[in-house]
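Taking it in order: structure first as structure tokens, then the write-up.
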Amino acid sequence: LGPNVYSPIIMPLLIQVLILLWLVNFAPPLLAYLFEARWAGPVDRGRTLPDGRRLFGNHKTVRGVVGAFAMGGLVGSFLGFLWWEGVLISLLSVLGDLLTSFIKRRIGLPDGSVAPGLDQVFEGAFPLLYIAPAYKIGPWSGVGIVAVFSLVAYVGSLFQKNLLLRRPHGDYGRRRLTPRVRLRELVACEIASHPLHRFLNFEDAIYYHLFMKNVFRALGIYQRGVQNALDIGVNHLTLFFETLPQAFDGYRILFITDLHLDGLDGLTERVQWLIEPLETDLCILGGDFRMEMSGPSRKAMELMAQVRDAIHAKDGVYGILGNHDCLEMIPVLEAQGTTILLNEAHPIDRCGSRIWIAGCDDPHHYRCHDLNQAFAEIPPGSFTVFVAHSQEIYREAEHFGAVLYLCGHTHGGQIQIPRFGPIFTHSRAPRQLGYGPWQHGQMAGYTSSGVGASGVPVRFLTKGEVVLLTLKNRS
Ligand SMILES: [Fe+2]
């Protein structure tokens, strides 16, 4: 590097340039993470050259190019460049990126392949065609910028390819691989949990573990809250439907959600005692088996095995994942005899009639729900019971034709204040969907207050429940 790199005037400029280039480079994968398949049309519109290969390939999308321009303009302005300079710098960077893709396709490298150096050099160097003369950056400083940019961008591309886009194990067949799902695994699963994760979660570590727990202790009501949390009951509910097949008239579904079994001693035994005598046709588990959102899940799974043994459901037990769960739990739960619906549906047949149970992955925290996939096999007009951890996708579920929407997540507020109601519902849905039966258009819904408690294992003015639903044909 030239000596001017170390001058106090040029140094910040070089860092500003690097930050701008990295963020412009980061815009396309960020948009791919946020929007997945939406607006992901390729820049080359599928065009191939006489060599039979694509001009750029599927990874260079119009969305990514527009996002890079927007990022350049916004971040450029923020960093002290003129807005049009930011856009111009991102345009040059995008042209470098497209040239890289063009070269990679010509030499036969597939979409998404990593080519160290080639992947970054044009993207980092082209913007200097404007920046270097405009800001009097010398050739050695320019080389330094390209080298540092390339190194960090290469590490970023390795992270994306080897962690966010790599199948971690063979049992991935029915799961659509997306960076969003992989990020969930990296954050929530015990294999990747970080000791600092819990302390970085403000709500969990500060609000619940430090503040609320001590507030209740100081008020002398902590133990009463724990007793309230253990005082769960069976809520009997009958729902009437015009479209329920006659063969399913009187069909009983046991809905159990938000168990958080490892968070409260005595809860598992209480649930077992409640559900052991219940003879039902089907059982649905609404997710949140574990107390914490990361770390070990073994204890929760062991307790879940005890609960599973107490369930008597002729047509089986189906479950979904909540925001406290991780994908590692699926093989354990399935070995216990629970079929997990990860954006999937299963038919239930009776006397020549059929209804469907559709379930999706967590729509609240990880937003891994995929209703297109969950409803893909269900013929239009079918009687479909849809289960999601939270009620936040009620509009989408009705649009896809769900007749009944079962969910939990809110714990009925868990802690309520007289006359005001829940302090938090932890949900983006309207508060009237926070507990009990509700209706949206043609779809009936039920939000259960769940079995367990999360954060602090106490309840005030709410009661935990398992729900025994009876479906009735209105006619
Ligand atoms: Fe929960």
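Counting starts at 1 for both ligands and their atoms, in listed order.
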Review point. Can a donor-acceptor pair be found between the side chains of Y405 and Q439 at a distance below 3.5 Å?
Key: no
Practice item. Scan side-chain atoms only and decide if H364 and N323 contain a donor-acceptor pair under the 3.5 Å cut-off. Key: no
Revision key, fill the gap. Sorted by chain and number, sequence neighbours left out, salt bridge (charged side-chain N to carboxylate O under 4.0 Å, His left out) with E242 holds for R474
Practice item. Taking salt bridge (charged side-chain N to carboxylate O under 4.0 Å, His left out) as the test, write out the residues that go with K314, two or more places apart. Key: D281
Review point. Does Q442 CD have over 12 foreign heavy atoms under 6.0 Å away?
Key: no
Exercise for review: Tally every protein N/O/S atom whose distance to the Fe ion (ligand 1) is less than 2.8 Å; waters are neither shown nor counted.
Suggested key: 4
Check your understanding: Going by the ring pair (Phe, Tyr, Trp, His ring centres under 6.0 Å) test, which pairs reach into residues 330-357, not counting sequence neighbours?
Key -> Y318-H346
